[in-house]
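The structure appears below as structure tokens.
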Amino acid sequence: MSARVELAHESDALLVGELLHRFNTEFGEPTPGAERLAERVKELLAEGQTSVLLAWASHQDERRSAGAKGADGLALLRFRPAIFSDGLECYLAELFVLPELRGRGIGRELMRHALEHARERGADYIELSTAESDIAARTLYESLGFSNREGQDDGPLNYYYERTL
């Protein structure tokens, strides 16, 4: 199966909010709810430093049988000026595909479009983080050339740290 992928606009904010809410709910993370997420996404899209790509399964019958009413997946990208080049750095903040549609290439298609979109926006670097336990995501990212090694394949292991303020 392939997927149709399109750049989201402010008018798509509720679709994005619903997917982000489902994402956090699935993984037991706090969520302010789809409506509040939609409001925030609308603000971020208007500021221009965030892009969202939405995906729909190509086969409408499969979408209906899975109970899908909106989009089937998303990639959310954040951009900022780079320090060591004149380009931008891109951070893949979220990649999500509805659980019932995973394993069908939708995530790969989202990532293909995300990389293309980041290049078009002027990014010369993209980074992401994922859990050690998320083998499917790690396999996808590594198959697309991402590495958790610094500099080269046998370089030191990179670590990702976070802290709530």
Side-chain angles (χ1 to χ4, degrees), residues 1-79 88-121 123 125-148 160 162:
M1 174 203 309
S2 61
R4 177 172 55 97
V5 177
E6 295 179 7
L7 189 61
H9 302 283
E10 290 178 47
S11 60
D12 298 314
L14 188 55
L15 288 176
V16 175
E18 289 170 352
L19 287 169
L20 291 173
H21 176 72
R22 284 196 63 178
F23 176 73
N24 277 21
T25 301
E26 177 183 346
F27 293 100
E29 295 291 328
T31 173
E35 293 81 16
R36 177 62 192 119
L37 286 165
E39 291 170 15
R40 183 65 178 142
V41 164
K42 198 171 194 176
E43 293 167 4
L44 293 172
L45 290 174
E47 290 173 0
Q49 294 178 353
T50 300
S51 293
V52 180
L53 298 168
L54 292 169
W56 291 266
S58 294
H59 299 90
Q60 294 298 321
D61 293 338
E62 289 186 54
R63 290 185 70 241
R64 272 190 231 103
S65 67
K69 295 178 183 165
D72 297 321
L74 65 74
L76 193 148
L77 304 167
R78 305 293 309 269
F79 294 91
L88 295 172
E89 297 172 340
C90 178
Y91 175 63
L92 176 72
E94 304 294 352
L95 178 70
F96 177 70
V97 174
L98 295 175
E100 60 271 18
L101 295 174
R102 291 182 188 150
R104 300 179 187 196
I106 297 170
R108 179 172 298 280
E109 195 65 12
L110 276 164
M111 285 300 299
R112 188 179 73 72
H113 279 81
L115 293 170
E116 182 179 313
H117 178 71
R119 280 187 210 100
E120 289 172 358
R121 290 242 358 219
Y125 180 82
I126 187 168
E127 62 186 354
L128 59 87
S129 64
T130 192
E132 180 180 16
S133 60
D134 195 343
I135 303 300
R138 289 176 45 211
T139 300
L140 172 63
Y141 300 142
E142 290 171 11
S143 76
L144 293 168
F146 287 86
S147 172
N148 64 351
Y160 167 80
E162 65 181 13

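In this structure, Cys90 and Ala118 approach most closely via the heavy-atom pair SG-CB, 4.0 Å. Shown here for Ser129 and Tyr91, the closest heavy-atom pair between the two residues is OG-OH, 3.5 Å. Minimum heavy-atom separation, Ser2 to Ser58: O-OG, 2.8 Å. Taking every heavy atom of both residues into account, Gly73 and Leu110 meet most closely at C-CD1, 3.8 Å. Here the closest heavy-atom approach between residue Leu14 and residue Ala34 is recorded as CD1-O, 4.3 Å. Between Ala131 and Arg138, the shortest heavy-atom distance links the atoms O-CD, 3.5 Å.
Here the straight-line distance linking atom CG of Leu77 with atom CG of Leu53 works out to 5.5 Å at 0.5 Å rounding. Here CD of Glu89 is found 7.0 Å from OH of Tyr125. Values are rounded to the nearest 0.5 Å. In this structure, Asp134 CG and Glu132 CD are separated by 11.0 Å, a value rounded to the nearest 0.5 Å. Taken to the nearest 0.5 Å, the CD atom of Glu142 stands 7.5 Å off from the OG atom of Ser147. The CG atom of Leu15 lies 10.0 Å from the CG atom of Asp72; values are rounded to the nearest 0.5 Å. How far CG of Asp12 is from CD of Glu6: 8.0 Å, rounded to the nearest 0.5 Å.
For Glu100 and Arg22, the salt-bridge test passes: some basic side-chain N is under 4.0 Å from an acidic carboxylate O. By the 4.0 Å N-to-carboxylate-O rule, Arg36 lies close enough to Glu39 to be salt-bridged with it.
Proximity of Leu37 to Asn24: side-chain heavy atoms (C-beta onward) are nowhere separated by under 4.5 Å. Counting heavy atoms from C-beta outward, Phe79 and His117 have side chains that approach closer than 4.5 Å. Leu98 places none of its side-chain heavy atoms less than 4.5 Å from the side chain of Ile106. In this structure the side chain of Leu54 reaches within 4.5 angstrom of the side chain of Leu19, judged on heavy atoms. By the 4.5 Å heavy-atom criterion applied to side chains, Leu76 and Thr50 are counted as neighbours. Residues Leu92 and Phe146 fail the side-chain proximity criterion, which asks for heavy atoms closer than 4.5 Å. The side-chain heavy atoms of Leu20 and Val41, taken from C-beta on, include a pair separated by under 4.5 Å. For the pair Arg108 and Leu140, the minimum side-chain heavy-atom distance is below 4.5 Å.
Within a 6.0 Å sphere centred on CD of Glu47, heavy atoms belonging to other residues, nucleotides or ligands number more than 12.
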Yes or no on side chain to side chain contact (heavy atoms under 4.5 Å, CB included) for Val97 and Arg104, after CA distance, side-chain angles and deciding distance?
-> CA-CA 10 Å; Val97 174; Arg104 300 179 187 196; over 6 Å; no
Please walk me through it: do Glu116 and Arg112 pass side chain to side chain contact (heavy atoms under 4.5 Å, CB included)?
-> CA-CA 6 Å; Glu116 182 179 313; Arg112 188 179 73 72; 3.8 Å; yes
From CA spacing to verdict: side chain to side chain contact (heavy atoms under 4.5 Å, CB included), Tyr141, Leu95 = CA-CA 11 Å; Tyr141 300 142; Leu95 178 70; 3.5 Å; yes
Would Arg121 and Ser51 satisfy side chain to side chain contact (heavy atoms under 4.5 Å, CB included), going step by step from the backbone distance to the final call?
-> CA-CA 10 Å; Arg121 290 242 358 219; Ser51 293; 2.9 Å; yes
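In this structure, His21 contributes its side chain and Gly17 its backbone to no donor-acceptor pair below 3.5 Å. Under the 3.5 Å distance criterion, the side-chain polar atoms of Thr31 are left unmatched by any main-chain donor or acceptor of Thr25.
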